[in-house]
Amino acid sequence: MTTNTSTESTNATANRLDFGASAPKAFRALIAFDAAARQGLDPALVELIQIRSSHLNHCAYCLHMHTNDARKAGESEDRLHMVAVWREARHFFSEREQAALALTDALTLVADAGVPDDVYAQAAARFDERELAQVIALICTINTWNRVALSTGKVAGTDER
């Protein structure tokens, strides 16, 4: 029986490619897309979306990074702890944040049920068209970042920013 020790896991991760160095044009394009997606959105909302998507995708690297960014921006520990169970703790989040979190759930887990009409309608009622497009773009970027971090074996707590 073979067991995967943390040393074996660390060595396997060390052998994975550096996405930014290996695909610099794609990396810079993703950074630009991410920056464009955030433009004009409330920074607290940006972090909530990124944290929720990272929870759903089991991306410890991005979850660690974005919870730290949220703390630095003044987000409360209570709200950070409640993002994973936001539906059961709605009173911690505004209706606008709830709509964004519901859309984040649907778009992150799009293969499960698509984006239901009621989820889209709730978001469309809380955001104007430009903001809604920005939120959708942001959800797309964090999902891409999660997939890059997971596929390249990024380790939580090693963010170099």
Side-chain angles (χ1 to χ4, degrees), residues 1-23 26-27 29-38 41-73 75-90 92-93 96-116 118-120 122-123 134-161:
M1 177 181 191
T2 305
T3 58
N4 186 9
T5 66
S6 62
T7 303
E8 290 170 347
S9 179
T10 302
N11 289 339
T13 300
N15 293 330
R16 296 199 182 188
L17 66 83
D18 177 333
F19 183 79
S22 299
F27 186 71
L30 186 52
I31 289 170
F33 183 32
D34 186 281
R38 295 164 180 260
L41 291 177
D42 174 27
L45 180 65
V46 168
E47 295 305 331
L48 291 176
I49 289 168
Q50 293 179 125
I51 290 166
R52 181 60 180 159
S53 182
S54 297
H55 274 136
L56 294 172
N57 287 321
H58 302 267
C59 184
Y61 180 82
C62 293
L63 182 60
H64 182 266
M65 178 191 318
H66 292 296
T67 54
N68 282 339
D69 288 350
R71 281 185 192 97
K72 289 174 190 170
E75 189 59 74
S76 75
E77 289 297 319
D78 280 346
R79 282 174 36 104
L80 291 177
H81 292 297
M82 294 297 115
V83 174
V85 292
W86 72 269
R87 290 180 192 280
E88 294 76 27
R90 291 177 186 267
F92 282 91
F93 305 99
R96 189 170 159 93
E97 291 167 336
Q98 290 177 45
L101 291 169
L103 188 58
T104 301
D105 288 2
L107 194 50
T108 299
L109 303 172
V110 71
D112 292 348
V115 177
D118 64 322
V119 170
Y120 184 88
Q122 179 187 20
Q134 296 296 119
V135 167
I136 291 169
L138 181 66
I139 297 166
C140 290
T141 62
I142 188 56
N143 273 279
T144 301
W145 283 123
N146 289 164
R147 283 150 177 77
V148 168
L150 289 165
S151 65
T152 61
K154 299 295 276 183
V155 176
T158 62
D159 177 36
E160 297 172 1
R161 292 181 305 143

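Values in this document were obtained by computation on a predicted structure and should not be read as measured data. Just so it is clear, the values below take in all heavy atoms, side chains as well, and ignore hydrogens, waters and symmetry mates.
Side-chain contact check for W86 versus L48: every heavy-atom pair is 4.5 Å or farther apart. Using a 4.5 Å cut-off on side-chain heavy atoms (C-beta onward), L80 and R71 make contact. You'll find the side chain of V83 stays beyond 4.5 Å of the side chain of F92, heavy atoms only.
In this structure, the side chain of R52 engages the main chain of A84 through a donor-acceptor pair within 3.5 Å. Within the 3.5 Å criterion, the main-chain N or O of I139 finds a donor-acceptor partner in the side chain of N143. A donor-acceptor pair under 3.5 Å links the side-chain atoms of Q98 to the main chain of R90, judged by distance alone. For Q134 (side chain) and A36 (main-chain N/O), a donor-acceptor pair under 3.5 Å exists by modelled atom type. Counting only distance, with no hydrogens or angles, the side chain of R16 and the backbone of S151 share a donor-acceptor pair below 3.5 Å.
If you take CZ on R38 and CG on L45, they are separated by 11.5 Å, rounding to the nearest 0.5 Å. Here the CD1 atom belonging to I142 is positioned 11.0 Å from the CG atom belonging to L56, to the nearest 0.5 angstrom. Rounding to the nearest 0.5 Å gives a distance of 11.0 Å between NE2 of H55 and CG of N146. H66 NE2 to D159 CG: the interatomic distance, rounded to the nearest 0.5 Å, is 8.5 Å. In this structure, D18 CG and K154 NZ are separated by 6.5 Å, a value rounded to the nearest 0.5 Å.
Between V155 and Y61, the shortest heavy-atom distance links the atoms O-CD1, 3.1 Å. For Q122 against A102, the heavy-atom pair with the smallest separation is OE1-CB, 3.9 Å. The shortest heavy-atom contact between L138 and Q50 is CD1-OE1, 4.1 Å. When all heavy atoms of M82 and A89 are compared, the closest pair comes out as SD-CB, 3.6 Å. Across every non-hydrogen atom of G20 and F27, the tightest pair is CA-CG, 3.5 Å. When all heavy atoms of V115 and Y120 are compared, the closest pair comes out as CG1-CB, 4.3 Å.
For F19, the CZ atom sits in a packed shell: over 12 heavy atoms of surrounding residues, nucleotides or ligands are nearer than 6.0 Å.
Checking T108, V119, I49 one by one against L103, the side-chain contact (heavy atoms from CB on, under 4.5 Å) holds for a single residue, V119.
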Does the pair R79 and E97 meet the rule for a side chain to side chain contact (heavy atoms under 4.5 Å, CB included), with working shown?
CA-CA 11 Å; R79 282 174 36 104; E97 291 167 336; 2.8 Å; yes

Verdict with supporting geometry, L17 and T152, side chain to side chain contact (heavy atoms under 4.5 Å, CB included)
CA-CA 6 Å; L17 66 83; T152 61; 4.0 Å; yes

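Applying the salt bridge (charged side-chain N to carboxylate O under 4.0 Å, His left out) criterion to R96, with sequence neighbours excluded, gives E131.
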